[in-house]
Amino acid sequence: VAKEKRLPCALYSHQQNRYSLLRLSLMSELCGAIERGELVLHYQPKLDLKLQRITGVECLVRWQHPVHGLIFPDDFIPLAEQTGNIRYLTLWAIRTALAQCARWRQQGMELMMAVNISSVDLQDPALIGNVADALAASGLTADSLWLEVTESAVMHDIDKAVELLGGLRQRGVRLAIDDYGTGYSSMAQLKRLPVQEMKIDKSFVMDLTHNEDDAIIVRSTIELGHNMGLSLVAEGVESEEIIQLLSRYGCDIAQGYWIARPMAAEAFEHWWRQRMSE
Ligand code: C2E
Ligand code: CA
Ligand code: CA
Ligand code: CA
């Protein structure tokens, strides 16, 4: 990554006293971590329930820290959002994931790539041009890329979100609303979003076969989404029974440990070949 693209690594925020010393030191290290290649993307497949085929992957970032070992995103994404460094991480993730996707296509692995973006990214109009540049560099068409944004991130500033997502959509990028059901959006707000996919939060899916309330929520969310013309994804699918139930409800896509955990690129290739030969 070019030096001039580097964002200032602000170590102190007015809320710094909320963080432990470990977290503070992680926050100050994050910029350098990207340059030192300590961040890696893992890939989790998405299973199309009707086609019974893997149609795409979602990339999920991990930090291979030289001292603390493997750190999961929940432990550093919020910090990166506080400091604004998330914009740097997001761009790195989009570029890296698209490059991987292009290599896989050359090997005959026809997959779409999904990348998570944060509420901070939604405030940054430069994202649209940056995404277009990353697509051009990868040689992939815009419809190869899904950007996932959480329901709560969108609701944070809905007018700005609608504008930015609209710009991305105009360029042909596909958009998904993530963690649906946890962000208190109204139907009127939902209707304004130019998204094509709705991902039902895993908290409603994981216990689906044992919890009647969850079953009702999932079923009606699928119906709502379909009525709005969206494709429905259930995340957190941890059993065969849940897959069966989701299929009966008409859910389009499933993602979860029962299908596969997020894997490093090489492990994913191995998993894919094995699955293809079955
Ligand atoms: P998410 O986007 O909702 O991603 C799904 C999370 O659920 C991932 O956790 C995934 O590993 C986990 N998961 C997948 N299947 C199952 C399952 O069957 N059961 C259970 N219990 N969990 C499952 P992970 O990788 O720790 O990521 C956590 C969150 O961090 C993500 O939630 C996303 O919001 C954020 N994140 C991850 N990578 C990025 C990134 O590159 N950029 C941004 N902005 N956020 C990211
Ligand atoms: Ca996601
Ligand atoms: Ca999610
Ligand atoms: Ca989440």
Side-chain angles (χ1 to χ4, degrees), residues 30 33-34 38-47 54 56-64 70-98 100-101 112-124 127 130-131 134 145-154 156 174-183 195 197-209 214 218 221 231-243 246 251 253-265 267-268 271:
L30 184 61
I34 298 178
E38 291 170 12
L39 295 192
V40 288
L41 291 177
H42 282 193
Y43 301 90
Q44 187 178 39
K46 293 165 84 171
L47 173 68
I54 303 298
V57 294
E58 175 181 3
C59 71
L60 296 153
V61 68
R62 276 96 182 84
W63 184 354
Q64 282 171 326
L70 197 68
I71 308 178
F72 283 82
D74 287 337
D75 285 329
F76 61 91
I77 295 281
L79 302 175
E81 287 175 333
Q82 289 272 327
T83 57
N85 289 338
I86 188 73
R87 285 155 58 201
Y88 191 49
L89 189 154
T90 298
L91 261 190
W92 169 83
I94 292 173
R95 290 188 187 126
T96 306
L98 286 176
Q100 182 60 259
C101 188
M112 290 195 275
M113 181 60 71
V115 184
N116 293 283
I117 60 172
S118 100
S119 60
V120 178
D121 298 310
L122 287 181
Q123 309 296 309
D124 178 16
L127 180 69
N130 287 335
V131 167
L145 178 65
W146 283 95
L147 293 179
E148 300 189 358
V149 54
T150 64
E151 186 189 13
S152 48
V154 165
H156 178 73
R174 302 190 205 221
L175 303 169
I177 182 137
D178 205 353
D179 297 357
Y180 183 75
T182 62
V195 298
E197 185 180 88
M198 190 182 243
K199 299 188 80 172
I200 306 171
D201 191 69
K202 57 177 180 286
S203 60
F204 304 109
V205 177
M206 285 166 69
D207 214 17
L208 186 59
T209 45
D214 287 348
V218 167
T221 302
S231 172
L232 267 289
V233 180
E235 53 174 40
V237 173
E238 295 187 356
S239 73
E240 169 73 42
E241 294 75 48
I242 292 176
I243 292 253
L246 288 167
C251 187
I253 292 166
Q255 199 182 338
Y257 294 166
W258 188 81
I259 300 153
R261 289 189 175 252
M263 293 166 276
F268 175 75
W271 179 88

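Read the numbers this way: they start at 1 and go in the same order the structure lists the ligands and their atoms. Note that the structure is predicted; figures quoted are calculated from it, not measured.
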How far apart are the closest heavy atoms of [X] and [Y], and which atoms are they?
X: P73; Y: V61; result: CD-O, 3.2 Å
X: G236; Y: K202; result: CA-CB, 3.6 Å
X: A134; Y: R95; result: CB-CG, 4.1 Å
X: R261; Y: P45; result: O-CD, 4.4 Å
X: V233; Y: C251; result: C-SG, 4.2 Å

For the Ca ion (ligand 3), find the closest N/O/S atom belonging to D179 and write down its atom name. OD1

Applying a heavy-atom cut-off of 4.0 Å, say which part of [X] lies close to ligand 1: side chain, backbone, both or neither.
X: D178; answer: side chain
X: M206; answer: side chain
X: I77; answer: side chain
X: K202; answer: side chain
X: V237; answer: backbone
X: Q44; answer: side chain
X: K199; answer: neither

Would you check whether E58 has a nitrogen or oxygen atom less than 3.5 angstrom from a nitrogen or oxygen atom of ligand 1? yes

With only distance considered, is Y257 within less than 3.5 Å of ligand 1 through an N or O on each side? yes

Students often mix this up, so state it plainly: with edges at 30° and 60°, are the rings of Y43 and F268 parallel, tilted or perpendicular? tilted

For the Ca ion (ligand 2): the N/O/S atom of [X] at shortest distance:
X: E148; answer: OE1
X: E58; answer: OE2
X: D178; answer: OD2

[X] (side chain) donor-acceptor with [Y] (main chain) under 3.5 angstrom:
X: D121; Y: S118; value: yes
X: E151; Y: G183; value: yes
X: E235; Y: G256; value: no

Could you tell me whether any N, O or S atom belonging to N116 is less than 3.0 Å from the Ca ion (ligand 2)? yes

Among V115, V120, N116, I94, which one has a heavy atom closest to atom 46 (C) of ligand 1? N116

Under 4.0 Å from a heavy atom of E238: which atoms of ligand 1 are those, numbered in the order shown and with their elements? 17 (C), 18 (O), 19 (N), 20 (C), 21 (N)

Would a 4.5 Å heavy-atom cut-off, applied to side chains only, mark I77 and N116 as touching? no

